[in-house]
Amino acid sequence: MKIAIIPARGGSKRIPRKNIKPFHGKPMIAYSIEAAVSSGCFDKVIVSTDDAEIAEVAELYGAEVPFLRPANISDDYATTMDVMHHAITWCMDNGWTVDAVCCLYATAPFVTPEYLRQGFDKLNKGLFEFVFSAATFPFPIQRAIKISSEGEVSMFSPENEQVRSQDLEEAYHDAGQFYWGKTDAFLEKKAIFADHSSVVLLPRSRVQDIDTNEDWDLAEALYSALK
């Protein structure tokens, strides 16, 4: 059995109720649920939440909410791995045979069924413990600067100041959409950003963190441009 688990707690602080806040006409979480269902990858698409309203919206858009998440893994200090471990353990304790799992974030309106299928296909080859979405940085990280409390500028890597950008190694970052993994890898809480993992590379035009109101506005503008 292949399962999508969408973590979606009710207590988001910087953007209140962001998991079900309307985004281009639908609750934000609807995009992740619909992509998971449409991908054909999953026997079950479940939402792990502590919030009755989120549960109701999730079920309306096609997910299952077979349990409400305990309070001890619903606060600001609970990790995604804590949530995944709880959800997978619940599934197994209730007789589900869990062969592969995908952690799919609730605030991923740019996720597509195609990329989810690519992730599963790569995991299914058996070479990696995790496969997650990633994208390139738009600017060479080797040229990053820092600013002191006094406003003074310095480079993180001064040795790269005069190196041509085309000669610098490409750098990538987590795109924050999905994380396919083997069941045991999640249960053992293995590190995702490690040599037992690989990526599905996304175009930068389909990647936007949504942690602040500014992020939200940028995501809405990007979604409009794509559509």
So, Ser39 side chain and Arg117 main chain: donor-acceptor pair closer than 3.5 Å or not? no
Test item: side-chain donor near acceptor, Arg14 and Thr212, under 3.5 Å: no
Are Phe42 and Phe120 close enough that their ring centres sit under 6.0 Å apart? no
Heavy-atom donor-acceptor pair, Ser133 side chain to Gln177 backbone, under 3.5 Å: yes
Classify the ring geometry between Phe132 and Phe193 as parallel (under 30°), tilted (30 to 60°) or perpendicular (over 60°). perpendicular
Kindly say whether the aromatic ring centers of His24 and Tyr31 come within a distance under 6.0 Å. no
Is there a side-chain hydrogen bond (donor to acceptor under 3.5 Å, both in side chains) between Lys122 and Ser198? Walk through the geometry before answering. CA-CA 8 Å; Lys122 203 164 194 178; Ser198 188; 3.1 Å; yes
Does Phe23 have its ring centroid less than 6.0 Å away from the ring centroid of Tyr223? yes
For the residue pair Leu68 and Thr49, establish whether any side-chain heavy-atom pair is separated by less than 4.5 Å. yes
Which donor-acceptor pairs under 3.5 Å do side chains of residues 87-95 form with protein atoms, sequence neighbours excluded?
unit_1: Thr89; atom_1: OG1; unit_2: His85; atom_2: O; d: 2.7
unit_1: Asn94; atom_1: ND2; unit_2: Trp90; atom_2: O; d: 2.8

Flag, side chain of Asp99 to backbone of Met1, donor-acceptor distance under 3.5 Å: yes
Take a 6.0 Å sphere around CD of Glu214 and say whether it holds more than 12 heavy atoms from other residues, nucleotides or ligands. no
Should Asp184 and Lys190 count as an ion pair when the cut-off is N to O under 4.0 Å? no
Within the distance-only criterion (no hydrogens, no angle test), does the side chain of Asp82 pair as donor or acceptor with the backbone N or O of Ala78 below 3.5 angstrom? no
Do the charged groups of Arg9 and Asp75 touch, with an N to O distance under 4.0 Å? no
Trace of the side-chain contact (heavy atoms from CB on, under 4.5 Å) decision for Asn19 with Met28: CA-CA 5 Å; Asn19 291 320; Met28 174 61 81; 5.7 Å; no
Aromatic ring proximity, centroids under 6.0 angstrom, Tyr105 and Tyr179: yes
Can you tell me if Asp50 uses its side chain to pair, donor with acceptor, with the backbone of Gly10 under 3.5 Å? yes
Side chain Gln142, main chain Glu169, donor-acceptor under 3.5 Å: yes
Measure the shortest side-chain to side-chain distance between Val199 and Tyr172 over non-hydrogen atoms and say whether it is less than 4.5 angstrom. no
